[in-house]
Undergrad: 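A single structure is presented below for examination.
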Protein chains: 2
Amino acid sequence: MDVSVKGEYALRAVFELCSRGSSEPTKIADIAARQRIPQKFLELILSQLKQGGFLNSRRGASGGYTLAKPAEDITVGAVLRHIEGRLSTARRSDDNSRPPDSPFNEVWKQVDAALSNVIDRTTFADLLERWKEKRSRRAVSFQI
Amino acid sequence: MDVSVKGEYALRAVFELCSRGSSEPTKIADIAARQRIPQKFLELILSQLKQGGFLNSRRGASGGYTLAKPAEDITVGAVLRHIEGRLSTARRSDDNSRPPDSPFNEVWKQVDAALSNVIDRTTFADLLERWKEKRSRRAVSFQI
DNA sequence: TGAATCTCTAGTAAATCGATAGGGATTCCA
DNA sequence: TGGAATCCCTATCGATTTACTAGAGATTCA
């Protein structure tokens, strides 16, 4: 699948909003600064995430972006598919509908399933939980 | 992962050689014709497959390409990795060696594992077997 | 009103992709 | 020994995609 930079920026932006848990809107500039993402590029991405129903926004002073739904309802796969367009190997089917019936079809199907099994089952709530846990473990071992 | 056209050509070419089972070399032109691959493009790909140790070649009249090892020792993953370079999501690590320790690392690792689980376990002998079986089933149902 | 923010449309430099061109080097065979 | 047939090598090219940047417009709030 090979995630593009844009795709990773999108994931990081959503994660940033999740980790703030705030219901107050977060400014693009803040997300850009925290996640080290070029601001004008991020603008496009956030707008696209809004089109996809992942985020809400408010303009004007004290405007910004918020999550459109709880972190446990947003999966890595959903974000990635929306930003990257077609994901995984699924053969370019050009325009003709019927599959070309190649010896590799079965493999591609298995790859798709295996991939989906990971990214469509991982929510941002999962990521946040693991991340917090990891940070706390690190803190402990650092104290010792 | 999203296989490139070049990657798929490589797979098809190897499959073609496997399905011939012949120890006689097969000409580039023949593979190109059978698999509908632009010949000059295929030349580059076959040469690269040779560099990777998948194929042998002979020049001159009655020259061509042969498998460098039995079909059961060539996996889809090996061919793909050799032709496509880095496969799967594994983050572009720029040049700095240590991983950037992001909340997504674990996901990428899982994706890599899931992907590898499919493509590194599927040999061309498997593909050929499945393909033959499929063709025979089709023939039977066609007769009935 | 005006400052702060999101929003929308263009544009752009660099890289990659999917080829094509044109010989050169080997090998076989008559 | 001299082609003819084949693989081998390097270079180039047009189209597309990627990762961004520019700049002006639309909203919102104080």
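Residue numbering restarts at 1 for every chain, and letters A, B, ... go by the order of the sequence lines.
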Undergrad: Heavy atoms, side chains only, cut-off 4.5 Å: are A/V3 and A/L80 in contact?
TA: yes

Undergrad: Shortest non-hydrogen contact from B/L46 to B/L55?
TA: CD2-CD1, 3.7 Å

Undergrad: What integer distance in Å separates A/I37:CD1 from D/dT21:P?
TA: 12 Å

Undergrad: Indicate for each nucleotide in nucleotides 24-30 of chain D, in 5' to 3' sequence, whether protein heavy atoms under 4.0 Å reach the base (B), only the sugar-phosphate (S), or nothing (-).
TA: BBBBBS-

Undergrad: Which heavy atom in B/S57 sits nearest to a heavy atom in B/K50, and how many Å separate them?
TA: OG-NZ, 2.8 Å

Undergrad: Find the distance B/L42:CG to D/dT6:P and express it as a whole number of Å.
TA: 15 Å

Undergrad: Give a yes or no on whether the backbone of B/V118 and the side-chain of B/T122 come within a donor-acceptor separation of less than 3.5 Å.
TA: yes

Undergrad: Closest nucleotide of DNA chain D for B/Q39 versus for A/K6: which of these residues is on the 5' side?
TA: B/Q39

Undergrad: Should the pair A/F15 and A/F124 be assigned to parallel (<30°), tilted (30 to 60°) or perpendicular (>60°) ring geometry?
TA: tilted

Undergrad: Closer than 4.0 Å, any side-chain N/O of A/S4 to the OP1 or OP2 of D/dT17?
TA: no

Undergrad: Go through the steps to decide whether B/D120 and B/S116 satisfy the test side-chain hydrogen bond (donor to acceptor under 3.5 Å, both in side chains), and finish with yes or no.
TA: CA-CA 5 Å; B/D120 292 334; B/S116 162; 2.8 Å; yes

Undergrad: Ignoring backbone atoms, establish whether A/S57 has a side-chain N or O less than 4.0 Å from OP1 or OP2 of C/dT7.
TA: yes

Undergrad: Rounded to whole angstroms, how far apart are CD on A/E8 and C1' on D/dA19?
TA: 14 Å

Undergrad: When the distance from CG of A/L46 to C1' of C/dT5 is rounded to whole Å, what number comes out?
TA: 13 Å

Undergrad: For the pair A/R130 and A/E133, find out whether any cationic side-chain nitrogen is under 4.0 Å from an anionic carboxylate oxygen.
TA: no

Undergrad: What is the distance, rounded to the nearest whole Å, between atom CG of A/D2 and atom P of C/dA15?
TA: 17 Å

Undergrad: How would you label the contact of A/L44 with the nucleic acid (heavy atoms, under 4.0 Å): base, sugar-phosphate, or nothing?
TA: base

Undergrad: I want to check one thing: is the phosphate of C/dC17, taken as OP1 and OP2, less than 4.0 Å away from some side-chain N or O of B/Y9?
TA: no

Undergrad: Using whole Å, what does the distance between atom C1' of nucleotide D/dA19 and atom CD of A/Q48 come to?
TA: 13 Å

Undergrad: Salt bridge check, A/R20 against A/E16: does any charged N sit closer than 4.0 Å to a carboxylate O?
TA: yes

Undergrad: Residues of residues 12-35 of chain A with any non-hydrogen atom less than 4.0 angstrom from an atom of DNA chain C: list those, numerically ordered, please.
TA: A/T26, A/K27, A/I28

Undergrad: On DNA chain C, check which nucleotide each of A/Q51 and A/G63 is closest to and give me the residue with the more 5' one.
TA: A/G63

Undergrad: Please lay out, stage by stage, how B/R138 and A/D101 fare under the test salt bridge (Lys or Arg N to Asp or Glu O under 4.0 Å).
TA: CA-CA 12 Å; B/R138 208 160 33 195; A/D101 192 29; 2.4 Å; yes

